[in-house]
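As structure tokens, the structure follows; a few thoughts come after it.
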Amino acid sequence: MKTVAYLQFEGKAEEALSFYEKALQATSVKKVRYNALCQDPNSPFTGEEQSMIMESCIEFSGNTLMLSDVPPSMQAVTGVITKGNSLLISIIDAAPEANHSIFEALAEGGIVIMPLSSTPWSASFGMLIDQYGVMWKFNSEASKFLDSFVN
């Protein structure tokens with residue numbers, strides 16, 4: 001079993017998928033659109049909704065990130081998609097050079113909260129919000145830092 005981050009969008013998953021593929025230097029990208037499955041005749045998707053991403057997966061550096069769209073017709077059940085700061089994706093234990101490369105790519109069109117820098121707890125720490133409103137945190141020594149406090 002494993003846990004992965006899963007991002008939901010309202011019609012922007014295709015665009016975000018391309019952005020993350022490049023920024024994270026993906027080694028594999030898979031995607032399925034809503035039109036790949038038979039539709040429920042009682043609740044058919046519009047043409048635009050059928051072309052949206054139902055499920056996608058990006059693999060990079062031994063990690064997985066999943067994305068999908070939540071069509072407007074489904075949001076009455078799932079809830080409206082909103083941007084927020086209750087979730088962030090943390091890149092941990094990467095070499096400072098790798099952090100720098102990914103940080104710079106994800107910062108394109110986004111907001112840098114804390115530039116990558118050396119801190120007392122990490123040789124490479126920083127935070128940003130990307131152009132899709134997703135918050136990212138980088139900590140090249142997260143495991144080492146946590147282990148130093150374990151009793």
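- Take K137 and apply the side chain to side chain contact (heavy atoms under 4.5 Å, CB included) test, not counting sequence neighbours, and it matches L88, S90, F125, M127.
- Transitive grouping of hydrophobic side chains (ILVMFWY, heavy atoms separated by less than 4.5 Å) brings Y132 and V29 into a common cluster.
- Tested against V134, the residues L67, L65, L7 include a single side-chain contact (heavy atoms from CB on, under 4.5 Å) partner, L7.
- In the hydrophobic cluster analysis, where Ile, Leu, Val, Met, Phe, Trp and Tyr join through side-chain heavy atoms closer than 4.5 angstrom, L24 is grouped apart from I53.
- R33 places a side-chain N or O within donor-acceptor distance of the main-chain N or O of S51, the cut-off being under 3.5 Å.
- The side-chain heavy atoms of F45 and M54, taken from C-beta on, include no pair separated by under 4.5 Å.
- For the atom pair S68 OG and E14 CD, the distance stands at 12.5 Å (nearest 0.5 Å).
- Here the straight-line distance linking atom CE of M74 with atom CD of E10 works out to 12.0 Å at 0.5 Å rounding.
- No chain of hydrophobic side-chain contacts below 4.5 Å, direct or via other Ile, Leu, Val, Met, Phe, Trp or Tyr residues, connects Y6 to F60.
- Residues C57 and T64 are in side-chain contact: their nearest non-hydrogen atoms beyond the backbone lie under 4.5 Å apart.
- Between the CG atom of L17 and the CZ atom of F9 there is a distance of 9.0 Å, given to the nearest 0.5 Å.
- Nearest approach of G11 to M52, heavy atoms of both residues: CA-CE, 3.8 Å.
- Note: D147 CG to F149 CZ = 11.0 Å, rounded to the nearest 0.5 Å.
- D69 contributes no side-chain N or O that, together with a main-chain N or O of Q8, makes up a donor-acceptor pair within less than 3.5 Å.
- For residues 48-60, no pair satisfies salt bridge (Lys or Arg N to Asp or Glu O under 4.0 Å), with sequence neighbours left out.
- For the atom pair CD1 (I89) and CE (M135), the distance works out to 11.5 Å, reported to the nearest 0.5 Å.
- Closest approach of D130 to L128, counting heavy atoms only: N-CD1, 3.6 Å.
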Side-chain donor-acceptor pairs of residues 91-109 under 3.5 Å, sequence neighbours excluded:
{"residue": "D93", "atom": "OD1", "partner": "A142", "partner atom": "N", "Å": "3.2"}
{"residue": "D93", "atom": "OD1", "partner": "S143", "partner atom": "N", "Å": "3.0"}
{"residue": "D93", "atom": "OD2", "partner": "S143", "partner atom": "OG", "Å": "2.4"}
{"residue": "N99", "atom": "ND2", "partner": "S124", "partner atom": "O", "Å": "3.4"}
{"residue": "N99", "atom": "ND2", "partner": "S124", "partner atom": "OG", "Å": "3.1"}
{"residue": "S101", "atom": "OG", "partner": "Q25", "partner atom": "NE2", "Å": "3.0"}

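- The CD atom of E141 lies 12.0 Å from the CG atom of L146; values are rounded to the nearest 0.5 Å.
- No side-chain donor-acceptor contact under 3.5 Å links S122 to the backbone of T119.
- Put simply, the side chain of W121 does not reach to within 4.5 Å of the side chain of K144, judged on heavy atoms.
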